[in-house]
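First the proteins, then the strands, lettered A, B, ... as listed; each starts at 1. Since the structure is predicted, the reported quantities are computational estimates derived from the model, not experimental observations.
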There are 2 protein chains.
Amino acid sequence: MTVDRRKLIIEAAAKSFALFGYKATTMDQVAKIAGVGKGTIYTFFANKEELFQEIMNKLIQEMKRVAEEVVDPERKFFDNLHRVLERLLDFREEHELAIKLTQEVKEIGTQMAQEGIQQIEKAVVGYIRIQVKKAVDKGEIKPCDPEITAFVMLKLYMALTADWKKSHEPLGKGQVAELLPFYLQAGLAPD
Amino acid sequence: MTVDRRKLIIEAAAKSFALFGYKATTMDQVAKIAGVGKGTIYTFFANKEELFQEIMNKLIQEMKRVAEEVVDPERKFFDNLHRVLERLLDFREEHELAIKLTQEVKEIGTQMAQEGIQQIEKAVVGYIRIQVKKAVDKGEIKPCDPEITAFVMLKLYMALTADWKKSHEPLGKGQVAELLPFYLQAGLAPD
DNA sequence: TGAATGACTAAATTTCTATTTTGGTCATTT
DNA sequence: AAATGACCAAAATAGAAATTTAGTCATTCA
């Protein structure tokens with residue numbers, strides 16, 4: 001068995017998308033890095049978009065794996081929630097592809113990069129939704145719409161981490177870890 | 001006393017910014033609508049930016065007035081909160097200048113339009129912060145950082161109204177009115 | 001003989017330059 | 001002294017020319 005050309009292409013594409021973003025990655029580039037002819041890419045992927053999709057799916061899969069590592073059924077729901085969100089946002093901050101796509105959206109507004117980021121967010125909400133549902137079933141939190149609740153949780157987390165620091169001194173991780181359950185678990189109603 | 005040229009200019013500028021946005025509004029245009037010479041504008045405002053600032057301040061003032069109309073000290077805090085946010089977001093949706101600026105930021109990313117929108121949000125958070133502080137003092141809600149709390153409230157409201165509908169069926173006003181206190185007042189902790 | 005290839009093309013993007021528009025000034029007018 | 005609009009440098013736009021790129025396919029290998 002000779003080398004797995006499909007794998008070579010995927011690895012080369014992942015590297016290039018992470019390094020240069022979606023738009024600045026050319027099919028010639030990918031072929032060159034992979035050490036294959038350009039035509040070969042098109043025997044595996046119909047077009048650039050599908051190749052990108054493959055890389056995004058792999059990324060989301062990896063994020064799910066990373067999230068799973070940190071969830072501990074023994075712990076309280078809000079404890080797990082914070083650990084997962086922190087891990088995922090850290091991951092997103094560390095992962096070159098996610099960084100590059102975010103940057104690309106802000107700087108040149110590439111449509112595909114935009115869609116890539118949305119896919120990641122959708123996957124994260126989907127993951128949290130499952131955790132919310134479990135927590136509701138276990139009676140750990142009140143009955144609620146899991147989709148809306150998961151959405152609210154991600155948005156609140158992103159507001160406290162990413163949005164807040166655009167106009168204020170950033171909140172420490174400890175503070176965020178306190179604020180999330182402060183607002184969403186206990187609520188603001190006086191005792 | 002002859003006509004108030006300053007007022008003519010402000011009215012013309014307000015009309016033009018709302019109709020064409022920041023970038024597409026020219027000083028010649030404003031002068032023409034106001035029926036004054038272009039040089040006259042510069043006897044009142046140092047440059048285009050300052051003229052825009054004047055219009056933005058007027059808009060924010062008007063929003064504050066509109067918000068005040070709806071706050072009733074007899075009502076519960078969360079009731080007032082929803083009424084104010086709804087009124088303000090409605091206002092923003094109705095008000096041509098706010099619409100135009102939002103559109104301009106999305107379409108051509110004009111810096112000044114961006115800053116204009118940010119000013120509006122900052123003013124809204126500032127207004128809510130005062131209400132939060134009052135509510136804390138009255139013991140209507142738990143002690144909390146008013147700035148962070150106001151920020152969280154606006155973000156959550158925008159998440160439920162604007163962000164949610166980007167990927168889902170929009171939530172009705174009644175639903176939003178229920179969800180806001182559901183998450184922030186009562187909290188998700190089981191009874 | 002079928003998988004791999006890279007020269008090729010139409011379309012998209014970028015670069016370059018000529019032209020127009022615009023924010024701001026200031027000598028003149030009212 | 002307040003108002004003005006012709007004027008100017010700088011910025012924005014338009015559009016032609018040159019380059020790049022996604023995707024194809026006849027040819028080449030293994």
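- Note on A:Glu69 versus A:Arg65: salt bridge recorded, some NZ/NE/NH1/NH2 to OD/OE distance being below 4.0 Å.
- Taking only side-chain atoms of B:Tyr42, from C-beta outward, the nucleotide of D:dT4, D:dG23, C:dG23 with the closest atom is C:dG23.
- In this structure, A:Leu19 and A:Thr25 have side chains that are not in contact, with every pair of non-hydrogen atoms separated by 4.5 Å or more.
- Atom CD of A:Gln29 is separated from atom P of D:dT21 by 9 Å (rounded to the nearest Å).
- Using bins of under 30°, 30° to 60° and over 60° for the plane-to-plane angle, the ring pair B:Phe17/B:Tyr22 lands in the parallel bin.
- To the nearest angstrom, P of C:dG24 lies 6 Å from CE of B:Met27.
- B:Leu51 has its CG atom 10 Å from the P atom of C:dG24, to the nearest Å.
- The OH-P distance, from B:Tyr22 to D:dA12, rounds to 11 Å in whole Å.
- The shortest distance between the side-chain N/O atoms of A:Arg5 and the OP1/OP2 oxygens of C:dA3 is not below 4.0 Å.
- Here the C1' atom of nucleotide C:dA3 and the CD1 atom of A:Ile9 are 12 Å apart, to the nearest Å.
- Here D:dC7 is the nucleotide among D:dC7, C:dT5, D:dA22 with the atom lying nearest to any side-chain atom of B:Lys38.
- Below 30°, between 30° and 60°, or above 60°: for B:Trp164 and B:His168 the angle between ring planes is below 30°, a parallel geometry.
- B:Lys32 comes within 4.0 angstrom of no nucleic acid atom, judged by non-hydrogen atoms across all strands.
- Residue contacts shown for B:Lys48 are limited to sugar-phosphate atoms, with no base heavy atom under 4.0 Å away.
- Between A:Lys32 and A:Gln29, the closest side-chain pair of non-hydrogen atoms is not below 4.5 Å.
- Of the candidates D:dT4, C:dG23, C:dA4, the closest approach to any side-chain atom of B:Thr43 belongs to D:dT4.
- The distance from atom CE of A:Met112 to atom C1' of D:dT21 is 16 Å, rounded to the nearest whole Å.
- Nearest-nucleotide mapping onto DNA chain D: of A:Asp28 and A:Gly39, the residue sitting toward the 5' end is A:Asp28.
- Atom pair B:Phe17:CZ and C:dG23:C1' shows a separation of 12 Å (rounding to whole Å applied).
- For the pair B:Leu8 CG and D:dA2 P, the computed distance is 17 Å after rounding to whole Å.
- In this structure, A:Lys23 does not reach the D:dA22 phosphate: none of its side-chain N or O atoms is under 4.0 Å from OP1 or OP2.
- Between B:Thr26 and C:dT22, a side-chain N or O to OP1/OP2 separation shorter than 4.0 Å is absent.
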